[in-house]
Amino acid sequence: MKVLVAVKRVVDFNVKVRVKADHSGIDLANVKMALNPFCEIAVEEAVRLKEQGIATEIVVVSVGPTTAQEQLRTALALGADRAILIESNDDLNSLAVAKLLKAVVDQEQPQLVILGKQAIDSDNNQTGQMLAALTGFAQGTFASKVAITGDTVSVTREIDSGLQTVALSLPAIVTTDLRLNEPRYASLPNIMKAKKKPLETVTPASLGVNTASTVTTLKVETPPTRSAGIKVKSVAELVEKLKNEAKVI
Ligand code: AMP
């Protein structure tokens, strides 16, 4: 079974981001970039399926600038077999990314596509769902457990009221939640081996996809800084302040 995993290059989660002076976006100059954490979980899940003898090939795909090759190499070091970079310097919205991924799905014909539930830079949480709509594949979002039996994938989903388990006919799309697995670290030998694994570069034009955006970012701002809290001496004082100052009870 071929598994396709979509991975995004994002600002490392440890970095405190800075908004550009003109409020047009985030300043990415000299900022540490990394594989989106939910995409790392997606790669790990595919590698585990391969280790179980269920997946036969893992293809990773990323849409982004030339530098996104670094994140594809990381995914290869974690155990993916080959990589595809859809090279674009544009700030593409989710629908454009989903259309590009659909073109790769058409070419590669994977049985399972794994994506992160969300990219931590834009927090869109929609690419997997849009890809499911475009391909007509079944979708299991926010997965905390994935099990494949024959041509069905059982996905346990993290929902507000608890855990929901759904059975999807393959081919299917799964998006990963935090508790699905704990990704491994790439070993040095595997990082070296990853340098020799195939990495193909294509463009939106070569895939015949129009990536024109229908969404324009008007302004990006830092959240207002929180004012300092106060310590109260007693429960009575707390209740009094909640009642008369905060007026929340
Ligand atoms: P989002 O809908 O943007 O929050 O992203 C959800 C998931 O879609 C990510 O975790 C990736 O698996 C995939 N994805 C989003 N953007 C890209 C991209 N530029 N390249 C590859 N995969 C992407």
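What you see below is based on every heavy atom in this structure, not just the backbone, and it leaves out hydrogens, waters and symmetry mates. Indexing begins at 1, ligand by ligand and atom by atom, following the structure's order. Heads up: numbering here begins at 1 and tracks the sequence.
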Exercise for the section: Compute whether any side-chain donor of one residue and acceptor of the other, for Glu44 and Asn181, lie under 3.5 angstrom apart. Expected result: no
Exercise for the section: List every atom of ligand 1 that sits less than 4.0 Å from any heavy atom of Ser62, numbering the atoms from 1 in the order shown and giving each element. Expected result: 20 (N), 21 (C)
Completion exercise
Closest to atom 17 (C) of ligand 1 among protein heavy atoms sits Val97 CG1, 3.6 Å
Exercise for the section: Answer with side chain, backbone, both or neither: which part of Thr175 has a heavy atom less than 4.0 angstrom from an atom of ligand 1? Expected result: neither
Handout entry: Closest approach of any protein heavy atom to atom 7 (C) of ligand 1, naming residue and atom
Key = Gly116 O, 3.2 Å
Exercise for the section: Check whether any heavy atom of Ala42 sits under 4.0 Å from an atom of ligand 1. Expected result: no
Exercise for the section: Specify the protein heavy atom at minimum distance from atom 16 (N) of ligand 1: its residue, its atom name, and the distance to 0.1 Å. Expected result: Lys8 CD, 3.4 Å
Problem - Residue, atom name and distance, where the atom is the protein heavy atom closest to atom 12 (O) of ligand 1 - result: Ala6 O, 2.8 Å
Exercise for the section: For Asp177 and Ser144, test the side chains for any donor-to-acceptor distance below 3.5 angstrom and give the result as yes or no. Expected result: no
Handout entry: Shared-cluster residues of Tyr185, by chain and number - hydrophobic side chains joined below 4.5 Å
Key = none
Problem - Protein contact to atom 13 (C) of ligand 1 [nearest heavy atom, distance to 0.1 Å] - result: Leu115 CD2, 3.8 Å
Fill in the blank from the handout: protein heavy-atom neighbour closest to atom 15 (C) of ligand 1 works out as Thr127 OG1, 3.7 Å
Problem - Under 4.0 Å to a heavy atom of Val7 - the qualifying atoms of ligand 1, by number - result: 20 (N), 21 (C), 22 (N)
Practice task
Indicate, as side chain, backbone, both or neither, the part of Asn124 found under 4.0 angstrom from ligand 1 when only non-hydrogen atoms are considered.
Solution key: both
Exercise for the section: Compare every heavy atom of Gln69 with every heavy atom of Leu85, then report the nearest pair and how far apart it is. Expected result: CD2-CG, 3.8 Å
Completion exercise
If you scan protein heavy atoms around atom 9 (C) of ligand 1, the nearest is Cys39 SG, 3.7 Å
Handout entry: Nearest neighbour in protein (non-hydrogen) for atom 19 (N) of ligand 1
Key = Val63 O, 2.8 Å
Practice task
Run the numbers for me: atoms of ligand 1, each under 4.0 Å from some heavy atom of Asn125, listed by number.
Solution key: 1 (P), 2 (O), 4 (O)
